[in-house]
Amino acid sequence: MRCIPRLATSCVVGLLLLASRAEAQARDSSARDTAVFRLSTVVIQATRPVARSGGASAIEVRLDALRLEPAPTLQHVLREMPFVQVRTNPRGESYFANRGSGFDAREVAVIVDGVPASLNFDDRADLSVLPIAGAQTLTLVRGLPSLLYGPNVLGGVVELGVASGASNDTAARGAELSTSVDQTGARAASGTIVMPVRFERGSLATRAGIGYRRSDGFPLPNGVREPAPFAADTRRLNSDREQADAFVAGRLEGNGRMWSSFSSFAYSGRRATPAELDVASPQLLRFPLLQRSFSVASVGTGERRSPFGGRGALQLGVGYDFGRTKLEGYTTRAYSALRNQEDNVDRNVNGRLIANQSIAGGGHLSGAFTYASVKRHESLTPGVISDYRQRLWSAASELGWRLPSIAGLSAVRVTAGAAYDGSDTPETGGKPAVTALKTWGGRTGITAMSRGGNVLLHAGASRRVRFPALREMYSGTLTNVEPNPGLRPEVLVAMEGGATAQLGRAQVQAVAFLNDITDAIVRTTVNRKVKRVNRDQTLASGLELLASVPIAGASLSADVTAQTTMSRDAAADREYQPEYQPKFAGGVRLSAPLPFATTLDLGARTVGSQYCVSATNGYDRLAPSTRVNASVSRWWRSAIEATIGFDNALDRTVFDQCGLPQPGRVVRVQFRVR
């Protein structure tokens, strides 16, 4: 196991930042896009629906209420969330998509402490290695994210709060340890510690943690067999992995208004990548090295009297993302003879400045400037050494205004905003250059509360653009991908409307949506390779339903997404079914007390039939599938929790992608001490 990169440096920088003299406020008013309307909480729940005043629907997640295995990654959380599809590609990378967004999932973003973590060489955050133990809060904005989030944010946002996740006033000193093992011998362990300190002029909350997990390979689901004659009958070939990670976070708050915070996570490990089962000559890959560190430093004035009148706030966040990956390609499924190698080093810098200003008469003006510098040093063997660089920026402003009560509705608020985004590629690895790309975006929305305060109505529309990632335009790497430097930006026009309501003890949300992507970047097959191209239009429309209700001490939640999607190539006058866009998906989750002071957690998720593009087989259809997870847990003296978990309890075959099934049944024993 290799040591975690640059963690010591990150810790030193964090302590220096936290030692700086700064006042703070107990609540960071500029961290969210605008105000958030919440319905009253009726029972402790892992997820609950909320609606942003900008006309967007969202889900808040209490990470401490989820029953996760030790040292979890972001994919473990998102696979359990409503409305989200998580998939693992042939490189072993996991990504998420929702609501008609494409398989590439580049239309969605991951934000850590206010700074984008997905503005990188691939314009995606790999969920399979992104540790989640340091996060305190998670919010999923599904459809119309704020323009203030920056460039390339179209179809949704996962917002993680690490140092900015909770007020110091609620932090309690403590520690937690957890460990687990399953029937394959896979093991995991993690530990966290919280150390809040109160002093005369404010408070300092620091948190730190470590994690480790290792697996020699996951089990095959029932009915799936490896094509290699020497493969084990019960374990997926080339599916072993190992990773260690750590995080440190702190927030300094004074008795005044100013604050500063710092967070850093890092991981180091290796990953084998199972080959596609449906391809005669698949990609045969292993990652002998995966390293990354992501650090964010933020300062803010807090909400205070503004020189322009009213109240105002400023917040600045800067993130540094360093990563190194080594990838090996092999000649046969025996993984003994190397064919080629790839060694990549990434250095990305992201910055985001946010300003808020109240306006007399119920108005609120927000503005943001985001800048990202993406660099990659790529070395292919055999091949060439290439340097790539992309710069992305966005300037955006949003105005919100409270209107008088009308037609039995109160708290009526309208918002409107505009953004100007740009991208250029000053370094292209010696390949054809692309001219600077610039375009505009816009967003408008309205929210209104019923006079009883139990129903919130919202509606909104937006226009956003996504610039092609460096990987899409230039890098062929070791995989079966044909580069395309001629890609154009894709433009999304989206609309949604819905209601979030408290009906008795139940919380319900219903949202209808329509997405129209022009010049959509999609995958096609050229010369037995996958190539990304622009197609004229991709349309998606549908309905999302989410309900959560307590029943006799239990908590029951359910979600359903029904949608229709279609891509049309005007030049060829043909229509295509977009990849990995099922017409139906849904899930149900039950948490209920059992005799002998035990608790049952039962969840099931169903995905309808969908289509995928294979480099050798062309279009393929994946049959509908259902996955069931269950666990039984018990606390002893409120200090030790024992859990028996059953992942894929029915041992069903569930495909993430063509030829790439999820693991079969896993039985896990887990202990948590706090």
Is [Y] close to [X] at the side-chain level, that is, under 4.5 Å between some pair of heavy atoms?
X	Y	value
Q390	S423	yes
S373	R389	yes
L74	L138	yes
P116	Y149	no
L539	D516	yes

Check your understanding: Should the pair R568 and Y576 be classed as cation-pi, given the thresholds of under 6.0 Å to the six-membered ring centre and 45° from the axis?
Key ->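 Cation-pi check for R568 and Y576: fails.
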Practice item. Identify whether NZ of Lys or CZ of Arg in R376 sits under 6.0 Å from the centre of the six-membered ring of F121 and within 45° of that ring's axis. Key: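 Yes; both conditions hold, so R376 lies above the ring face of F121.
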For [X] and [Y], indicate whether the former's side chain and the latter's backbone hold a donor-acceptor pair under 3.5 Å.
X	Y	answer
T444	T415	yes
Q662	V654	no
Q581	P578	no
N238	L285	yes

Could I get the full list of salt bridge (Lys or Arg N to Asp or Glu O under 4.0 Å) partners for [X], not counting sequence neighbours?
X	result
R464	D421
R241	none
D122	R106, R124, R471
R605	D559

Throw together a table of side-chain donor-acceptor distances under 3.5 angstrom for residues 483-495, partners on residues two or more places apart or in other chains.
from, atom 1, to, atom 2, distance (Å)
N484, OD1, G486, N, 3.1
N484, ND2, R532, O, 3.0
R488, NE, D519, OD2, 3.4
R488, NH2, D519, OD1, 2.8
E490, OE1, I521, N, 2.8
E490, OE2, R466, NE, 2.9

Partners of [X] by side chain to side chain donor-acceptor pair (under 3.5 Å), sequence neighbours excluded?
X	answer
T606	T626
T428	none
T273	none

Gap between atom [atom2] of [Y] and atom [atom1] of [X] - 0.5 Å precision:
X	Y	atom1	atom2	answer
F655	D620	CZ	CG	10.0 Å
S462	R443	OG	CZ	7.0 Å
D123	S118	CG	OG	6.5 Å
L140	F83	CG	CZ	9.0 Å
S541	F513	OG	CZ	7.0 Å
L160	T137	CG	OG1	7.5 Å

Review point. Do the charged groups of D656 and R79 touch, with an N to O distance under 4.0 Å?
Key: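 Judged by the 4.0 Å cut-off on N to carboxylate O distance, D656 and R79 do form a salt bridge.
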[X] and [Y]: which non-hydrogen atoms are nearest, and at how many Å?
X	Y	answer
A461	L144	N-CD1, 3.7 Å
R535	D569	CD-CB, 4.0 Å
N629	N648	OD1-N, 2.8 Å

Mind checking side-chain contact (heavy atoms from CB on, under 4.5 Å) for [X] and listing every partner two or more places apart, or none if nothing turns up?
X	value
A368	L148, I354
D321	R292, F294, N348
Y611	Q577, Y619, R621
K583	none

Review point. With a 3.5 Å cut-off and no angle check, do the side chains of Y95 and E93 form a donor-acceptor pair?
Key: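 Present: a donor and an acceptor within the cut-off.
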Check your understanding: Looking only at side chains, do E398 and S146 share a donor and an acceptor under 3.5 Å apart?
Key ->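 S146 and E398 do have a side-chain donor-acceptor pair below 3.5 Å.
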Check your understanding: Is there a side-chain hydrogen bond (donor to acceptor under 3.5 Å, both in side chains) between T538 and S567 once you walk through the steps?
Key -> CA-CA 4 Å; T538 295; S567 291; 2.7 Å; yes
Point to revise | Qualifying residue, where the test is side chain to side chain donor-acceptor pair (under 3.5 Å) with E544 and the options are R142, Q509, Q563 | key: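 Going through R142, Q509, Q563 one by one, the side chain to side chain donor-acceptor pair (under 3.5 Å) with E544 is satisfied by R142 alone.
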Practice item. Given side-chain hydrogen bond (donor to acceptor under 3.5 Å, both in side chains), test S394 with T370 step by step and report yes or no. Key: CA-CA 5 Å; S394 174; T370 304; 5.5 Å; no
**Study point:** Single hit among V110, V153, N152 for side chain to side chain contact (heavy atoms under 4.5 Å, CB included) with L119
**Key:**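 Between L119 and the candidates, side chain to side chain contact (heavy atoms under 4.5 Å, CB included) is satisfied uniquely by N152.
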